[in-house]
Undergrad: 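A single structure is presented below for examination.
Naming convention: chains lettered A, B, ... in sequence-line order (proteins, then strands); numbering from 1 in each chain.
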There are 2 protein chains.
Amino acid sequence: MTAIKSSSTIQQNKKTALAMCPVTFTMEKIGSYWKPIIIYHLSEGSKRYSELKKAIPAVTEKMLIQHLKQLETDGLVIREARPVVPPYVTYQLSESGRQLLPVIHAMATWATAHM
Amino acid sequence: MTAIKSSSTIQQNKKTALAMCPVTFTMEKIGSYWKPIIIYHLSEGSKRYSELKKAIPAVTEKMLIQHLKQLETDGLVIREARPVVPPYVTYQLSESGRQLLPVIHAMATWATAHM
DNA sequence: ACAAGTACTTACCCTAAAGTATGTATCATT
DNA sequence: AATGATACATACTTTAGGGTAAGTACTTGT
């Protein structure tokens with residue numbers, strides 16, 4: 001987890017933008033270019049960590065778990081770990097995560113119309 | 001305009017993500033946290049540069065024109081300059097820019113439901 | 001002569017996000 | 001005893017985005 005300097009101007013601007021702009025709030029949650037991809041793949045249903053890795057070959061492991069953790073703490077995905085060896089961990093969209101799908105879908109339709 | 005290193009892995013990953021994921025394509029166009037705000041303010045209609053500046057006090061001039069230029073070259077906004085002094089420049093959403101409004105709206109509704 | 005207004009432009013710096021590489025724990029299998 | 005599989009963790013480096021500050025052009029008003 002990267003440490004953030006809450007005193008920096010960037011963070012201050014983000015704060016005010018967040019307070020005033022709901023769109024920016026959503027961007028905060030899904031605004032990296034890996035997160036929408038992860039969410040998209042989870043829209044098909046629950047997936048193991050290794051399945052996600054296979055489904056998204058370009059992502060590095062660091063990025064993958066980093067974003068999965070963020071999505072989890074943001075309440076968008078649910079992590080389930082079975083206490084077995086080797087580990088068996090699955091990720092699935094939460095309710096608010098699923099409610100993001102219209103957003104994802106709206107973006108996808110716009111993109112396909114304008115690529 | 002910041003020079004970008006097209007050889008970097010980041011850019012390579014973006015390319016493959018763009019080719020495969022329409023959502024990422026949309027993110028490329030509106031994925032900074034100023035762009036959605038700018039688009040939102042232009043959704044009310046054509047605005048002068050100085051009006052946008054007043055409407056979004058936190059944005060610096062550099063960021064504002066930088067993103068306006070990008071939005072223009074991406075075909076999302078239309079710039080009109082009247083050849084007068086002092087300059088009179090207006091910005092408005094293009095057709096594809098207006099078609100983004102459902103996306104913005106979807107994000108806003110999700111945000112207000114989950115803040 | 002000089003300030004003011006408008007729409008930029010440019011040079012420089014700082015930070016957060018992303019990438020690279022390597023390491024860890026646990027048990028089953030060979 | 002070594003290897004493989006799984007799901008991470010962590011130290012270090014690079015890069016793109018954003019911020020700061022200052023300057024430009026052109027004309028009108030004082």
Undergrad: Just to verify, what does B:Ala108 make a side chain to side chain contact (heavy atoms under 4.5 Å, CB included) with, not counting sequence neighbours?
TA: A:Pro22, A:Val23
Undergrad: Which residue is it: B:Ile38, B:Leu100, B:Asp74? I am looking for the one with a side chain to side chain contact (heavy atoms under 4.5 Å, CB included) to B:Ile30.
TA: B:Leu100
Undergrad: Could you note down all residue pairs passing salt bridge (charged side-chain N to carboxylate O under 4.0 Å, His left out) where residues 104-115 of chain A supplies at least one of them, sequence neighbours left out?
TA: none
Undergrad: For B:Arg82, which contact category applies under a 4.0 Å heavy-atom criterion: base, sugar-phosphate, or nothing?
TA: nothing
Undergrad: Measure the angle between the two terminal helix axes of the helix from C:dA1-D:dT30 to C:dT30-D:dA1, five base pairs each, and quote it to 10°.
TA: 30°
Undergrad: How many whole angstroms separate atom OH of B:Tyr88 from atom P of C:dC8?
TA: 13 Å
Undergrad: Which residues end up grouped with B:Tyr88 if you chain together Ile, Leu, Val, Met, Phe, Trp and Tyr wherever their side-chain heavy atoms are less than 4.5 Å apart?
TA: B:Val84
Undergrad: Restricting to pairs with a member in residues 49-58 of chain A, which pass side chain to side chain donor-acceptor pair (under 3.5 Å), not counting sequence neighbours?
TA: A:Tyr49-A:Glu61
Undergrad: Atom pairs under 3.5 Å, N or O on each side, protein against nucleotides 28-30 of chain D: can you list them with distances?
TA:
none

Undergrad: Looking only at heavy atoms, what is the nearest atom pair of B:His41 and B:Lys47, with distance?
TA: O-NZ, 3.6 Å
Undergrad: I'd like to check A:Val77 versus A:Leu42 (side-chain heavy atoms, cut-off strictly below 4.5 Å). Are they in contact?
TA: yes
Undergrad: Which of residues 44-54 of chain B have a heavy atom under 4.0 Å from DNA chain D?
TA: none
Undergrad: Quick one: list whatever passes side chain to side chain contact (heavy atoms under 4.5 Å, CB included) with B:Ser46, sequence neighbours left out.
TA: B:Thr90, B:Gln92
Undergrad: Find the distance B:Gln66:CD to C:dT10:C1' and express it as a whole number of Å.
TA: 12 Å
Undergrad: With sequence neighbours left out, write down each residue that passes side chain to side chain contact (heavy atoms under 4.5 Å, CB included) with A:Ser32, or none if nothing qualifies.
TA: A:Trp34, A:Lys35, A:His67
Undergrad: For nucleotides 19-23 of chain C, print each protein N/O atom paired with a nucleotide N/O atom at under 3.5 Å, atom names and distance only.
TA:
unit_1 : atom_1 : unit_2  : atom_2 : d
C:dG19 : OP1    : B:Asn13 : ND2    : 2.5
C:dG19 : OP2    : A:Trp34 : NE1    : 3.4
C:dG19 : N7     : A:Lys62 : NZ     : 3.0
C:dG19 : O6     : A:Lys62 : NZ     : 2.3
C:dT20 : OP1    : B:Thr9  : OG1    : 3.4

Undergrad: List for me each residue that meets side-chain hydrogen bond (donor to acceptor under 3.5 Å, both in side chains) alongside A:Arg48, sequence neighbours excluded, and say none if there are none.
TA: none
Undergrad: Under the rule for side-chain hydrogen bond (donor to acceptor under 3.5 Å, both in side chains), what residues qualify as partners of A:Arg79, not counting sequence neighbours?
TA: none
Undergrad: What is the distance from CG of B:Leu68 to C1' of C:dT9, rounded to the nearest Å?
TA: 14 Å
